[in-house]
Amino acid sequence: MPGSFHSSANDTSSTYKLGDFCIDEYRPIRVVVIGAGFSGITAGIRFPQKIPKVDLTIYEKSAGAGGTWFNNRYPGLACDIPAHCYQLTFEEKRDWSAFYAPGSEIREYLQGIVDKYKLMRYIKLRHEMVQAKYDEPSGKWHLRVRRPNPETGVLEEIEDVADVLVTAFGSLTRWRLPDIEGINDYKGQLHHSAGFDPLDKTWQEVADAWSDKKVGVIGVGSSALQLVPALQPRVSKLVNYVRGQTWLAVPFAANTFANLLGRDPGAAEDFTFTEEERERFRTDPEFYKKFRYTLETEINSLHSSTLQGTPMQEMGRELFRKNMEKKLAKKPEILKTLLPDFPVACRRLTPGPGYLEALCEDNVDFVSTPIKRFTEKGIELADGTQHDLDVVFCATGYDTSFQMPFDIIGRNGVKLNDKWNPHPVHYLSVCVEDFPNMFMSLGPNSGVGSGSLLALIEFEILYACQAVAKMQRERLKSMEIKAEAQRDYDQYLENYFPKSVYAAKCRSWYKAGKEEGRIVGLWPGSTLHALKSLEHPRWEDYNYEPLDPVENRMYWLGDGQTYAEKTLTGDRAWYLAEEYIDRPPDSSEFLSSAAK
Ligand SMILES: Cc1cc2nc3c(=O)[nH]c(=O)nc-3n(C[C@H](O)[C@H](O)[C@H](O)COP(=O)(O)OP(=O)(O)OC[C@H]3O[C@@H](n4cnc5c(N)ncnc54)[C@H](O)[C@@H]3O)c2cc1C
Ligand SMILES: NC(=O)c1ccc[n+]([C@@H]2O[C@H](COP(=O)([O-])OP(=O)(O)OC[C@H]3O[C@@H](n4cnc5c(N)ncnc54)[C@H](OP(=O)(O)O)[C@@H]3O)[C@@H](O)[C@H]2O)c1
């Protein structure tokens, strides 16, 4: 392999010359991140923290940072897991207003982090990556980015070059309207959940002006389950068009929530925190920590429910069926249509607070007759029924095929879209053969069916940081996953899923919107499994090219000294700093742990 380290072990003729640099005289390294959601924001904190002399840019095509939470504004948008389990490990928020925090609060939380770490130094808004091409001779990524010209506002393309590319462009960003006949003829207000823009208002202000309106919501995924209860009390008539089935969970960790707060577990569901509870979170760090830790433990204890035939899966099925039956007692005909024949969690499971209750209200119609087409005034069903509608929300999901709307071109001109056809292939969701110096966060097979997603995102970013640190420390031009390592990982992945509930027949974004086939959305294992897999990279699974034209793999050792010694500046006893000392337990603890 040209440019690889290949001097022979027997070659003792020493033409080798020491590098004229200190071991820690690191080269500047340019990292470009695509996307400024949770992943890109975490990258914006971790790269400058971990990589000396990093030159970082984060390109974000939207007008603000926050990703999912900046882009989505639809009525009812909220976290569907406890908000205490949906925050970065190192950035706690003490004043969530509700167990399932509203989307606006998560957006503010993320904006607060952007401000705290001054991330706008790195983030370039309204900059859309339109091409990324790997240049083999230099080992760099050549990038094309579309942005409005800062002076004229006219769209233009600029070029950039990076040593390392980090994709953080999300798996649930490529939304599209459904392919329903006549959709362009409809004259009322038509929104996709992810495209809804309340402009300078809140969604509540917009929806409160709809008290005389007939509103349709198409879908029964997580977005629809939030739209329906948010709109129902505000509109004159609501019609929910549901072609499939779904499980509604009981609220995650509801008993734990009640017990920790000293509430009556049997009382009616109310997931807003009282002012006293919020004050306690703010002022009692031990209570806050216990609350967060207990919920996180609970959410990470559900993995066996995602495996077919386990007692937890069967228990969930029974519990959720009874819960749905109870909540739909007023309109039992809905249960017959909605109750799935597939296992719990086969498609994204959510408690959907208030959804079933809203379906039972008098101003709501649940329609399972297939939609035939849109008309100018509304929707026509397959049986000919016409519905006049003022507003229609298509909560119809995303393109999760991982066929990207722009070209990412790797070694030998290989296009990522071709490499990922018919389905994405990768190594541990973090990199792809033929795409050197490229790392991914929330790429294919990165979601979780249970457990904490943000911890996984943090570990993916830390994996990328470790790789970049290695490239910088060891003076590497490129690192690229070996074909055989990617193949072996693929075999693991293919063999993992058949025993999981995700493999059952149900339409889901986990399978790129299909009922059957390859699972592309989820990590093959639990969240805790993912963290362990990513924590210690197997560097032997990569090929490397040296940066310098020197046939000696130890060139990076430099001239035998550190920069602090050479210049007599900086800390020359750093290993005595408290953060570096790894204190073993005292002798009695040590002996007892050694005996185990
Ligand atoms: C409506 C909704 C609600 C959700 N709720 C939850 C929840 O309650 N709990 C949970 O665990 N998960 C939830 N998720 C999943 C959620 O997407 C992740 O939890 C997380 O926010 C993903 O962060 P990310 O930064 O990886 O991706 P994203 O948040 O999707 O951010 C990607 C960013 O990349 C930008 N981008 C894309 N392409 C380009 C380009 N070519 N050039 C420049 N920028 C680009 C996008 O504009 C976007 O800002 C939800 C998803 C959606 C859609
Ligand atoms: N915080 C949260 O709770 C939250 C909120 C929103 C999204 N999310 C995340 O985003 C993911 C996507 O959620 P989503 O609800 O936006 O999308 P989704 O889960 O993919 O659901 C899309 C819905 O639209 C229906 N649909 C699609 N095309 C249709 C058509 N032509 N005619 C009729 N119905 C059609 C689907 O029908 P079928 O039922 O037949 O498939 C499905 O019910 C979630 O799984 C979750 O991971 C989370």
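Excluded from the calculations below are hydrogen atoms, water molecules and symmetry mates; all remaining heavy atoms, backbone and side chain alike, are included.
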Would you mind reporting whether Glu333 and Thr337 have side-chain heavy atoms less than 4.5 Å apart? no
Is it the case that the side chain of Gln232 and the backbone of Glu361 share a donor-acceptor pair, with hydrogens and angles ignored and the cut-off at 3.5 Å? no
Could you check if a side-chain atom of Trp247 sits within less than 4.5 angstrom of a side-chain atom of Leu339, using non-hydrogen atoms only? yes
Would you find a donor on one side and an acceptor on the other, under 3.5 Å apart, between the side chain of Gln245 and the backbone of Leu338? no
Partner residues of Cys346 under the disulfide bond (SG atoms under 2.5 Å apart) criterion, sequence neighbours left out: Cys506
Taking the side chain as everything from C-beta on, heavy atoms only, tell me whether Phe393 gets closer than 4.5 Å to Ile218. no
NZ or CZ of Arg278 within 45° of Phe273 ring axis and under 6.0 Å: no
Do side-chain atoms of Asn445 reach the backbone of Ser429 as a donor and acceptor pair under 3.5 angstrom? no
Quick check for you: to the nearest 0.5 Å, what is the distance between Glu60 atom CD and Ile123 atom CD1? 8.0 Å
Quick check: Tyr74 with His192 (ring centres under 6.0 Å apart)? no
Is a salt bridge present between Asp185 and Lys187, judged by a nitrogen-to-oxygen distance below 4.0 Å? no
Please evaluate residues Thr306 and Leu522 with respect to the criterion side chain to side chain contact (heavy atoms under 4.5 Å, CB included), reporting the C-alpha separation (whole Å), side-chain torsions for both, the decisive distance (0.1 Å), and the verdict. CA-CA 11 Å; Thr306 69; Leu522 296 179; over 6 Å; no
Taking all atoms of both residues into account, what is the closest heavy-atom pair of Val220 and Arg347, and its distance? O-NH2, 4.1 Å
Assess, by modelled atom type and distance only, whether the side chains of Glu460 and Ser39 contain a donor and an acceptor separated by less than 3.5 Å. no
May I ask you to decide if the ring planes of Phe271 and Phe99 are parallel, tilted or perpendicular, using 30° and 60° as cut-offs? parallel
Please confirm whether Arg147 makes a cation-pi placement over Tyr59, using NZ or CZ under 6.0 Å from the six-membered ring centre and within 45° of the ring normal. no
Is the number of heavy atoms from other residues, nucleotides or ligands within 6.0 Å of CZ (Arg126) greater than 12? no
I need the minimum non-hydrogen distance between Val364 and Ala358, along with the two atoms involved. CG2-O, 3.2 Å
Interatomic distance, Leu442 atom CG to Ile457 atom CD1 [nearest 0.5 angstrom]: 4.5 Å
Measuring from atom OG1 of Thr385 to atom CD1 of Ile371, what distance do you get when rounded to the nearest 0.5 angstrom? 12.0 Å
Taking Lys237 first and then Asp365, would you say they form a salt bridge - that is, a charged N and a carboxylate O separated by under 4.0 Å? yes
What are the two closest heavy atoms between Tyr293 and Thr297, and how far apart are they? O-OG1, 2.7 Å
Rounded to the nearest 0.5 angstrom, the CD-OG1 distance for Glu296 and Thr527 is 9.0 Å
Heavy atoms of other groups near Lys331 NZ, more than 12 under 6.0 Å: yes
For Asp179, look at atom CG and say whether over 12 heavy atoms of other residues, nucleotides or ligands are found less than 6.0 Å away. no
CA sep, side-chain torsions, deciding dist, call: Gln189, Trp210, side chain to side chain contact (heavy atoms under 4.5 Å, CB included): CA-CA 12 Å; Gln189 284 189 47; Trp210 289 346; 3.7 Å; yes
As a test of understanding, state which of Thr246, Leu248, Leu227 forms a side-chain contact (heavy atoms from CB on, under 4.5 Å) with Tyr355. Leu248
Could you pull out the closest heavy-atom pair between Ile519 and Lys511, with the gap in Å? CG1-CG, 4.0 Å
Could you give me the CA-CA distance, side-chain angles and deciding distance for Glu357 and Lys330, then say whether salt bridge (charged side-chain N to carboxylate O under 4.0 Å, His left out) is met? CA-CA 9 Å; Glu357 292 85 340; Lys330 193 176 154 195; over 6 Å; no
Would you say the side chain of Ile299 lies within less than 4.5 Å of the side chain of Pro82, judging by non-hydrogen atoms? yes
Any donor-acceptor pair under 3.5 Å from Arg348 side chain to Ala345 backbone: no
Do the rings of Phe90 and Tyr117 sit parallel, tilted or perpendicular, given the 30° and 60° boundaries? perpendicular
Between Arg146 and Glu128, is there a donor-acceptor pair closer than 3.5 Å when you use the side chain of the first and the backbone of the second? no
Verify the neighbour count for atom CZ of Phe287: are there more than 12 heavy atoms of other residues, nucleotides or ligands below 6.0 Å? yes
Side chains of Val367 and Leu381: closer than 4.5 Å at any heavy-atom pair? yes
With distance as the sole test, does His303 use its side chain to make a donor-acceptor pair with the main-chain N or O of Ser301 at under 3.5 Å? no
Side chain proximity check, Leu177 to Ile183, heavy atoms < 4.5 angstrom: yes
Does some side-chain heavy atom of Glu458 sit less than 4.5 Å from a side-chain heavy atom of Ile461? no
Selection residues 204-217 - residue pairs positive for salt bridge (Lys or Arg N to Asp or Glu O under 4.0 Å), sequence neighbours left out: Asp208-Arg234
List the atom of Tyr186, the atom of Val391, and the distance in Å for their closest heavy-atom pair. OH-N, 3.4 Å
Do any N or O atoms from the side chain of Glu105 and from the backbone of Ser97 form a donor-acceptor pair under 3.5 angstrom? yes
Does the structure place the NZ or CZ of Arg507 under 6.0 Å from the centre of the six-membered ring of Tyr510, at an angle of no more than 45° from the ring's axis? no
Between the main-chain N or O of Leu319 and the side-chain N or O of Asn323, is there a donor-acceptor pair closer than 3.5 Å? no
Kindly say whether Trp420 contributes a backbone atom to a donor-acceptor pair with the side chain of Gln403 at under 3.5 angstrom? yes
Going through the checks in order, is the salt bridge (charged side-chain N to carboxylate O under 4.0 Å, His left out) test met by Glu325 and Lys322? CA-CA 5 Å; Glu325 206 171 68; Lys322 284 193 180 139; over 6 Å; no
is_close_aromatic(Tyr109, Trp96), centroid dist under 6.0 Å: yes
Quick check, are the ring centers of His426 and Phe402 under 6.0 angstrom apart? no
Ignoring hydrogens and geometry, is there a side-chain-to-backbone donor-acceptor pair from Thr350 to Gly352 under 3.5 Å? yes
Please report the interatomic distance CD1(Ile408) to CE(Met129), rounded to the nearest 0.5 Å. 8.5 Å
Any Leu261 side-chain heavy atom under 4.5 Å of Phe291 side chain: yes
At what distance, to the nearest 0.5 angstrom, does NZ of Lys514 lie from NZ of Lys505? 14.5 Å
What verdict does the salt bridge (charged side-chain N to carboxylate O under 4.0 Å, His left out) test give for Glu277 and Arg280, after you've listed the backbone C-alpha separation in whole Å, the side-chain angles of each residue and the deciding distance to 0.1 Å? CA-CA 5 Å; Glu277 287 163 351; Arg280 190 161 173 210; over 6 Å; no
State whether the number of non-hydrogen atoms from other residues, nucleotides or ligands found under 6.0 Å of Lys377 atom NZ is greater than 12. no
Would you sort out whether Ser446 and Leu456 count as a side chain to side chain contact (heavy atoms under 4.5 Å, CB included), showing the intermediate values? CA-CA 8 Å; Ser446 256; Leu456 196 155; 4.2 Å; yes
Over all atoms of both residues, closest heavy-atom pair of Lys290 and Leu260: CE-CD2, 4.2 Å
